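I have placed the structure first, in the form of structure tokens, so that the comments after it can refer back to it.
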2 protein chains.
Amino acid sequence: MAKQGQVNDLPLTGFRTVEDVLIGLRERGGRVTPARRLLLTALFRNHAHRSAEELAGEVQAQAPDVNISTIYRNLDELVGLGVVDRTHIGGGPATYHLSSSTHGHLVCEQCGTMTEVPHELFGELGATIRERYGFAIDPHRFAVIGRCAACR
Amino acid sequence: MAKQGQVNDLPLTGFRTVEDVLIGLRERGGRVTPARRLLLTALFRNHAHRSAEELAGEVQAQAPDVNISTIYRNLDELVGLGVVDRTHIGGGPATYHLSSSTHGHLVCEQCGTMTEVPHELFGELGATIRERYGFAIDPHRFAVIGRCAACR
DNA sequence: TTAAATGCAAAGAATTTGCATAACA
DNA sequence: TGTTATGCAAATTCTTTGCATTTAA
């Protein structure tokens, strides 16, 4: 059984709206609460990377009583469901944003297999490279050469 | 003037041994202390990514009185000097390791220019990809396609 | 001698957890 | 009604900082 406050964490895919996610959540045994709806609304409002504290601020603008621990618990849940991506930057707080479906590729130099991986994986790298070298990664032509699990 | 406990932080390059770094440090107005020598010795012993706490443990095996705050202060200094790289993984503690000179490439899809960038930039990405997909990036064939500063 | 480095303790920031209460389904 | 979710406070983990003391040069 899942521990308290955590729904079945199989990936939740194909969502497009706040209500989509909430419905998926309910189908998995979770509950639709005001805090969850407000958090998702904040996340859907824009795709910027925001800290738990920033998201809490946005939620609290509507519902001042929502505690930051509730934000953390719900973010953990959404990360587990694949709805949200978490990124740890520098020494600062983790940032969260809706996971996107764009992707990069892992190309095996041995068998040529191409594995799609979520574009988010490269997000931080892309930002760093742009900053330091003025080099813009082409997200649609992003490929990494190496050896796949099968060939190793 | 640099604040207390911090030497001139221009990059310190071309070091190969613990003593190299210590000499460079002294030339910049820093001092050679037992704690620094032990920390560098630990870092040079292997290139694994280790947390401040793990490094403190190795130093304390020789000199039990060295405090973790001294480890943190010296690591900060070495990072500033370019001798050590710091990586923030997951939610856990930062990890440190000697900076290496190996590199990857940024290939411009327009002019074909190839820019070398320190391999460390890809370190975290490589670890993540290996973990999640079992895919091993070839560090010598790591190339990223995009558009260079000049062509943008 | 004197500025830099250290030890120690305390503060800080980010996140997690325990538990009683509230509220979805 | 029976869990699940929440609020609140306290605990944890990692890191930084203030200050008196020590020490390298």
Side-chain angles (χ1 to χ4, degrees), chain A residues 1-9 22-40 49-57 59-60 62-81 86-96, chain B residues 1-9 22-40 49-57 59-60 62-81 86-96:
Chain A
M1 189 57 198
K3 68 179 171 183
Q4 193 199 29
Q6 192 161 23
V7 303
N8 172 344
D9 67 350
L22 289 173
I23 288 167
L25 213 51
R26 187 156 43 203
E27 280 168 358
R28 282 147 199 280
R31 291 178 181 176
V32 175
T33 65
R36 286 187 169 163
R37 179 172 277 117
L38 287 170
L39 176 58
L40 283 167
H49 289 46
R50 280 160 290 173
S51 67
E53 197 175 0
E54 289 165 338
L55 287 164
V59 168
Q60 288 161 353
Q62 309 294 119
D65 287 348
V66 172
N67 194 275
I68 185 110
S69 67
T70 296
I71 300 294
Y72 275 111
R73 283 190 276 232
N74 281 318
L75 285 171
D76 280 354
E77 191 124 332
L78 293 170
V79 169
L81 289 172
R86 173 171 22 217
T87 316
H88 298 270
I89 330 175
T95 59
Y96 302 83
Chain B
M1 191 57 199
K3 67 179 171 185
Q4 192 199 29
Q6 192 162 24
V7 302
N8 172 343
D9 68 349
L22 289 173
I23 288 167
L25 214 50
R26 188 157 40 203
E27 282 169 356
R28 281 149 199 280
R31 290 175 184 181
V32 175
T33 65
R36 286 186 169 165
R37 181 173 275 117
L38 289 169
L39 175 58
L40 282 166
H49 289 47
R50 281 160 290 173
S51 66
E53 196 174 2
E54 289 165 338
L55 287 164
V59 168
Q60 288 161 352
Q62 309 293 120
D65 287 349
V66 172
N67 194 275
I68 185 111
S69 66
T70 296
I71 300 294
Y72 274 111
R73 282 189 276 231
N74 281 319
L75 285 171
D76 280 354
E77 190 124 332
L78 293 169
V79 168
L81 288 171
R86 172 171 23 216
T87 316
H88 298 271
I89 328 174
T95 60
Y96 301 82

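Since the model is a prediction, treat every value here as computed from it, not as a measurement. First the proteins, then the strands, lettered A, B, ... as listed; each starts at 1. As a basis for the values below, the full set of heavy atoms in this structure was taken, side chains included, without hydrogen atoms, waters or symmetry mates.
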From CZ of B:R86 across to P of D:dT15 the rounded distance in Å is 9 Å
Taken to the nearest whole Å, CG/A:N74 to C1'/D:dT6 is 9 Å
Whole-Å distance, B:Y72 OH to D:dT15 C1', equals 5 Å
Rounded to whole Å, the CG-C1' distance (A:L55 to C:dT15) equals 15 Å
Worksheet item: Distance-only, no hydrogens or angles: does the A:R86 side chain make a donor-acceptor pair with backbone N or O of A:V79 under 3.5 Å?
Response: no
Would you mind classifying the nucleic acid contact of B:S51 as base, sugar-phosphate or nothing, using non-hydrogen atoms under 4.0 angstrom?
nothing
Legend entry - Quiz item: B:R31 side-chain donor-acceptor pair to C:dA3 base, under 3.5 Å: yes
Quiz item: Distance check: side-chain N/O of B:T33 vs OP1/OP2 of C:dA5, anything under 4.0 Å?
Solution: no
Between CG of B:N67 and C1' of D:dA20 the distance, given in whole Å, is 14 Å
note: B:L25, atom CG; D:dT23, atom C1'; distance rounded to Å ~ 15 Å
Taken to the nearest whole Å, CD1/A:I68 to C1'/D:dC8 is 13 Å
> Ignoring hydrogens and geometry, is there a side-chain-to-backbone donor-acceptor pair from A:Q60 to A:D65 under 3.5 Å?
Replying inline: no
Contact under 4.0 Å: B:R73 side-chain N or O vs C:dA5 OP1/OP2: no
Rounded to whole Å, CD1 of A:I71 lies from C1' of C:dT15 at a distance of 14 Å
> Are any side-chain N or O atoms of A:Q62 and backbone N or O atoms of A:V59, one a donor and one an acceptor, separated by less than 3.5 Å?
Replying inline: no
